[in-house]
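Just below is one structure, and these are the notes that go with it.
Just so you know, these numbers use all the heavy atoms, side chains as well, and skip hydrogens, waters and symmetry mates. Each residue takes its place number in the sequence, starting with 1.
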Amino acid sequence: ALVGAGLWPQESFANAPIDYLAAVKGIVERNPSVGQAEARVRIVRGRNLPSTLALLPTISLQGRKDAREEFGLDASRLGAAASIDFNLFRFGADYSAMRAAGKEIEAEQAQLAAITLSTESEAARALNQWILSTLDTEILARLTDTRKSLLQIAGRRYDRGLIPKQEVDKLEIDFENDRAVQRDAEMTLLQSESAIVELLGHHDVERSWPWKKILGSSKVPLTPLEKLSLRPDWVEAELRVSAAEHRAAQSWGRMFPSLDFSLSYGLYEARSGSSLLNRAEYSTSLVLSFPLFDRLSTYGEFSAQSESLRSSQLALERVKRAAKREWDSAKQALPLAVESALAREKTLLVSRGLYRDALARFERGLTQANDLNIDQQRLLQSERLAIQGWASAHSLFASYCSASGRRLRACVESE
């Protein structure tokens with residue numbers, strides 16, 4: 001009734017929750033950084049279009065009308081002409097510009113892939129935190145309900161004179177403490193849920209660990225070190241170096257002579273006084289240009305491009321080191337996290353059995369509240385450690401996929 005009356009936020013409960021990878025895909029599609037990277041690819045492609053066609057001639061078409069007066073006679077000319085200008089040799093400057101343009105476009109595409117990969121890692125961290133908070137809150141809610149039931153049982157036993165008042169007071173204090181912890185967990189859940197809504201637009205996502213079977217069934221193979229060069233950020237950095245090399249070669253070539261060829265052909269109708277003449281005109285030219293002094297603009301450009309090349313090389317080295325560090329960290333941490341999660345799962349099963357036995361003894365009056373409290377706290381710790389273990393394993397698996405340069409779906413399907 002509150003929802004229908006508009007007094008409570010409406011949510012879509014009719015649609016089935018989407019799975020983990022679908023949520024990651026949705027987050028990537030909605031991320032502004034990915035959209036900006038896509039726009040940059042189109043911008044660089046458009047900006048470099050002249051350079052990619054640098055070896056082709058320039059073709060133009062002209063329409064022309066002239067009017068003048070000579071010795072008291074009016075003269076005019078009307079016609080159209082086409083011209084072709086073609087560079088024959090420029091010490092490789094045009095060829096280098098074409099190669100540089102191609103590398104810059106490829107580098108932007110690799111950057112888009114790298115940003116997409118980084119966005120997936122961000123999405124995985126947010127989803128893992130949300131799932132962890134959800135499961136943690138559910139565990140605390142169940143334990144609080146159990147504590148409340150125990151408090152009620154203890155109250156009835158106290159009424160019958162079976163236990164002292166102190167036992168009831170202890171359970172009541174434990175109940176209030178557990179409820180306080182539950183409220184803290186609920187606030188953490190609200191924060192992680194808000195993060196998911198910001199990234200995805202909603203939080204209708206399956207609340208379970210998606211890769212428990214994959215991580216627990218077999219040993220996860222790690223990407224070989226030599227394949228790290230396929231990472232998008234590594235590829236991008238190498239393309240930036242190659243583009244800078246070609247830009248430096250382009251600026252170097254522009255400091256030398258240029259040989260250009262031009263061809264023009266036109267049809268004109270000329271009128272002078274009462275006479276009319278139709279004629280075709282054409283011209284060819286071969287020009288050799290020597291740059292003598294241009295205020296050192298080409299030299300300055302070459303110096304700047306040389307420093308840009310050096311900067312790109314250093315950036316490539318930084319990317320290589322970061323990639324190797326991330327890969328080495330994932331290689332060592334992921335197996336340990338999976339092993340820890342599986343061990344915690346086994347401990348949880350044992351803890352549940354012990355608690356069930358302790359609860360049965362307490363209900364029959366064979367044990368005290370303190371003993372049951374110890375078993376309950378042991379179960380609480382085991383359950384929370386178990387979900388934290390799987391959260392860590394899933395986060396490290398996502399980090400491993402990112403470190404190896406693979407998208408999450410491709411990484412999961414390959415295991």
Side-chain angles (χ1 to χ4, degrees), residues 31-52 54 91-122 125 222-256 296-333 396 398-407:
N31 190 279
S33 297
V34 176
Q36 288 179 321
E38 292 173 344
R40 280 197 299 271
V41 172
R42 294 189 289 269
I43 290 171
V44 173
R45 184 181 287 118
R47 185 177 295 162
N48 282 310
L49 185 59
S51 295
T52 59
F91 280 84
D94 289 342
Y95 176 76
S96 297
M98 182 184 67
R99 293 295 303 276
K103 296 298 182 181
E104 288 171 356
I105 294 172
E106 291 178 15
E108 292 298 329
Q109 292 171 335
Q111 185 183 56
L112 170 59
I115 291 175
T116 301
L117 203 64
S118 175
T119 304
E120 283 197 343
S121 297
E122 177 186 349
R125 286 192 295 270
L222 292 175
T223 301
L225 178 62
E226 60 269 14
K227 289 189 177 182
L228 292 183
S229 59
L230 301 179
R231 282 174 47 133
D233 55 347
W234 192 314
V235 172
E236 178 199 354
E238 288 183 334
L239 289 169
R240 299 288 185 195
V241 171
S242 181
E245 289 174 345
H246 290 300
R247 288 299 182 192
Q250 175 192 3
S251 58
W252 173 260
R254 291 178 59 188
M255 292 191 294
F256 293 93
L296 299 179
S297 60
T298 52
Y299 175 77
E301 181 182 355
F302 171 71
S303 298
Q305 290 296 341
S306 298
E307 293 302 320
S308 178
L309 172 59
R310 174 61 178 165
S311 177
S312 299
Q313 292 171 338
L314 293 174
L316 173 59
E317 179 62 25
R318 185 178 64 251
V319 169
K320 287 181 178 180
R321 293 180 182 182
K324 292 176 182 177
R325 182 185 67 250
E326 293 173 7
W327 176 85
D328 188 62
S329 176
K331 179 187 67 172
Q332 298 182 38
L396 285 169
S399 298
Y400 148 68
C401 295
S402 177
S404 62
R406 290 187 292 172
R407 300 282 299 272

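The nearest pair of heavy atoms linking Ala37 to Ile115 is CB-CD1, 3.7 Å. Taking both residues in full, the closest heavy atoms of Asn48 and Ala101 are given as CB-CB, 3.6 Å, listed atom of the first, atom of the second, then distance. Nearest approach of Leu228 to Ser404, heavy atoms of both residues: CD2-CA, 4.4 Å. Nearest approach of Ser312 to Ala244, heavy atoms of both residues: OG-CB, 3.9 Å. Looking at every heavy atom in both residues, Trp234 comes nearest to Ser229 through CD2-CA, 3.6 Å. Considering all non-hydrogen atoms of both residues, Gln305 and Ala248 come closest at CB-CA, 3.8 Å.
Separation of atoms CG (Leu296) and CE (Met255) is listed at 10.0 Å; rounding is to 0.5 Å. From Arg40, atom CZ reaches atom CD of Gln111 across 4.5 Å, with rounding to the nearest 0.5 Å. Remark: Ile105 CD1 to Ser51 OG distance equals 9.0 Å, nearest 0.5 Å. Between the CE atom in Met98 and the NE2 atom in His246 there is a gap of 9.0 Å [rounded to 0.5 Å].
Pairs of residues two or more places apart, or lying in two chains, that qualify as salt bridge (charged side-chain N to carboxylate O under 4.0 Å, His left out) and include a residue from residues 299-315 are Arg254-Glu301. For residues 298-319, the set of pairs meeting the ring-ring contact (aromatic ring centres under 6.0 Å, His included) definition, not counting sequence neighbours, comprises Trp252-Phe302. Sequence neighbours left out, the pairs with a member in residues 228-240 that pass salt bridge (charged side-chain N to carboxylate O under 4.0 Å, His left out) are Glu108-Arg240, Arg231-Asp233, Arg231-Glu326, Glu236-Arg240.
Applying the salt bridge (Lys or Arg N to Asp or Glu O under 4.0 Å) criterion to Arg247, with sequence neighbours excluded, gives Glu104. Under the rule for a side-chain hydrogen bond (donor to acceptor under 3.5 Å, both in side chains), the partners of Ser297 that lie at least two apart in sequence or sit in another chain are Asp294. By the side-chain hydrogen bond (donor to acceptor under 3.5 Å, both in side chains) test, Ser121 pairs with Ser402, sequence neighbours left out.
At least one side-chain heavy atom of Gln313 sits under 4.5 Å from a side-chain heavy atom of Leu309. In this structure, Val34 and Glu38 have side chains that are in contact, with non-hydrogen atoms separated by less than 4.5 Å.
Between the Ser96 side chain and the Ala93 main chain, no donor and acceptor come within less than 3.5 Å of each other. The backbone N or O of Ala304 lies less than 3.5 Å from no partner atom in the side chain of Ser308, so there is not a single donor-acceptor pair.
Atom CZ of Phe91 sits in a crowded spot, with more than 12 heavy atoms from other residues, nucleotides or ligands closer than 6.0 Å.
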Trace of the salt bridge (Lys or Arg N to Asp or Glu O under 4.0 Å) decision for Asp328 with Lys331: CA-CA 5 Å; Asp328 188 62; Lys331 179 187 67 172; 3.5 Å; yes

